[in-house]
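The structure appears below as structure tokens.
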Amino acid sequence: MCQWFAQTRLVVTFEREGVGKFSDEDIENYTIRDDKGRITGLDFPTKFVLIANHQIYADWWYAWCFTYFLSPRAGIHRYIYITLKKSLRWVPVVGWGMQFFNFIFLARSWASDRLQLASDLTRLGRAAEAEHRPFCFLLYPEGTLVSKDTRPISKKFADKIGVSDLRHVLLPRSTGLHYTLRSLSPRIPSLKLLDMTVVYPDGIPPPEIHIHLRLLDVKGQVPIGDLSSTKPTPVDGATDRKGVVEVEIPSNEKDMFDVWLRELWQEKDETIGRFHETGSFSKDPAPPKLNIPIQLDRKLQILDAFCFFWPAALAYSWKRLRSG
């Protein structure tokens with residue numbers, strides 16, 4: 001759809017100084033070029049949790065497009081899992097397609113979402129590792145869009161916990177991400193955390209989307225806590241969900257992760273502010289930059305764009321066959 005109706009280019013830069021930084025050698029090794037030397041993608045690790053700032057409803061769409069260019073031979077974009085409002089599950093056609101892609105539907109109530117998230121993460125993480133296939137779980141820690149309605153809520157939360165509010169992003173909520181990383185890490189030992197800072201220069205995506213990346217090893221660079229000292233406990237009510245467990249998180253480890261994520265978001269806020277002032281995420285006036293047009297590698301892949309409609313088409317065909 002981007003290729004046909006809204007031609008867009010991804011402008012990708014890399015963190016050079018802070019947490020999750022890339023060296024010149026890293027950037028060169030990750031960059032994929034075709035026979036003519038044109039940049040076509042990034043040869044990244046294939047199992048990661050992707051987090052980003054949340055600005056518009058189409059953020060997840062462009063994040064999904066971005067995964068198309070990550071290790072394209074592995075097909076990461078085929079194994080991306082997204083959390084959505086539970087009410088969207090039964091939207092005609094589109095909702096059925098989302099179920100077909102194993103999207104995770106949550107009620108936005110932690111008391112009820114714990115069971116669902118534990119079940120889905122257990123199933124998807126175990127399958128990815130056992131079948132040696134890619135895994136990308138997309139999560140927006142802010143939980144909602146930045147807007148005139150959500151900004152006061154973020155300010156109120158900042159005052160409640162005694163910290164300064166941010167300018168360009170909302171204060172992140174750490175519970176869902178922390179729980180996700182602790183649940184997936186034992187099942188996917190090589191799990192990475194890919195942090196993506198996104199800016200639309202004119203407030204809307206086309207013709208350019210600027211993306212700034214950080215890549216972290218979950219076990220070595222993210223303070224998710226000491227899993228070895230915590231025994232997994234069966235999820236209440238999960239008698240029909242074999243092998244589903246959740247890990248209770250000690251309060252001191254929750255606090256440590258919360259501070260870490262908040263500091264990461266503070267850096268993200270400063271980075272976005274620098275971009276608006278100078279046109280660059282980096283303090284370096286000429287940082288390494290990759291330009292990747294959003295377009296399909298092969299024309300036949302256009303059929304993938306209609307995957308959302310397959311379940312509905314199959315259901316309709318089956319109904320007609322039975323009635324005939």
Side-chain heavy atoms of [X] within contact of [Y], under 4.5 Å:
X    : Y    : result
E129 : P189 : yes
L10  : F69  : yes
F137 : I104 : yes
I224 : S185 : yes
K254 : D258 : no
W265 : D269 : no
S23  : F14  : no
L290 : L42  : yes

side-chain contact (heavy atoms from CB on, under 4.5 Å) partner of L194, the single match among L70, V49, T67, I51
L70

Tell me whether [Y] is reachable from [X] by hopping between hydrophobic residues (I, L, V, M, F, W, Y) whose side-chain heavy atoms are closer than 4.5 Å.
X    : Y    : result
V259 : L171 : no
V163 : M256 : no
I153 : L145 : no

Going by an N to O cut-off under 4.0 Å, is there a salt bridge joining R151 and D165?
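Result for this pair is yes, salt bridge flagged.
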
Using a strict threshold of under 4.0 Å (side-chain N to carboxylate O), is an ion pair present between R33 and D43?
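Looking at R33 together with D43, the answer is no, because their closest N to O distance does not fall below 4.0 Å.
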
How would you list, by chain and number, every residue that makes a salt bridge (charged side-chain N to carboxylate O under 4.0 Å, His left out) with D34, sequence neighbours excluded?
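Result, salt bridge (charged side-chain N to carboxylate O under 4.0 Å, His left out) vs D34: R38.
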
Would R173 and F157 count as a cation-pi pair here, with the cationic atom under 6.0 angstrom from the ring centre and within 45° of the axis?
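Checked: cation-pi criterion met.
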
Parallel, tilted or perpendicular: which describes the rings of [X] and [Y], with under 30° parallel and over 60° perpendicular?
X    : Y    : answer
H168 : H276 : tilted
Y140 : H54  : parallel
W60  : W64  : tilted

Option from F48, Y79, Y81 for which ring pair (Phe, Tyr, Trp, His ring centres under 6.0 Å) with F135 holds:
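Of the listed residues F48, Y79, Y81, the ring pair (Phe, Tyr, Trp, His ring centres under 6.0 Å) partner of F135 is Y81.
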
Using ring centroids (six-membered ring only for Trp), state whether F281 and F275 fall under 6.0 Å.
yes

Residue pair K156, D159: steps toward the salt bridge (charged side-chain N to carboxylate O under 4.0 Å, His left out) verdict
CA-CA 5 Å; K156 183 178 180 180; D159 293 340; over 6 Å; no

Counting distance only, does the side-chain N/O of Q221 pair as donor-acceptor with the main-chain N or O of V19 below 3.5 Å?
no

N/O donor-acceptor pair under 3.5 Å between Q266 side chain and S164 backbone
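No, the answer is negative, given that no donor and acceptor are paired below the 3.5 Å cut-off.
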
Apart from V146 itself, what residues make up its hydrophobic cluster when side-chain heavy atoms of I, L, V, M, F, W and Y under 4.5 Å apart count as a link, directly or indirectly?
L170

Pair listing, salt bridge (charged side-chain N to carboxylate O under 4.0 Å, His left out) test, anchored in residues 214-223, at least two apart:
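Listed once each, the pairs are E15-R214, K192-D217, D195-R214, R214-E267.
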
CA sep, side-chain torsions, deciding dist, call: D59, Y200, side chain to side chain contact (heavy atoms under 4.5 Å, CB included)
CA-CA 10 Å; D59 280 336; Y200 309 116; 2.5 Å; yes

Quick one, T197 with K268, criterion side-chain hydrogen bond (donor to acceptor under 3.5 Å, both in side chains). Give me CA distance, side-chain angles, the key distance, then yes/no.
CA-CA 7 Å; T197 299; K268 187 184 294 286; 2.9 Å; yes

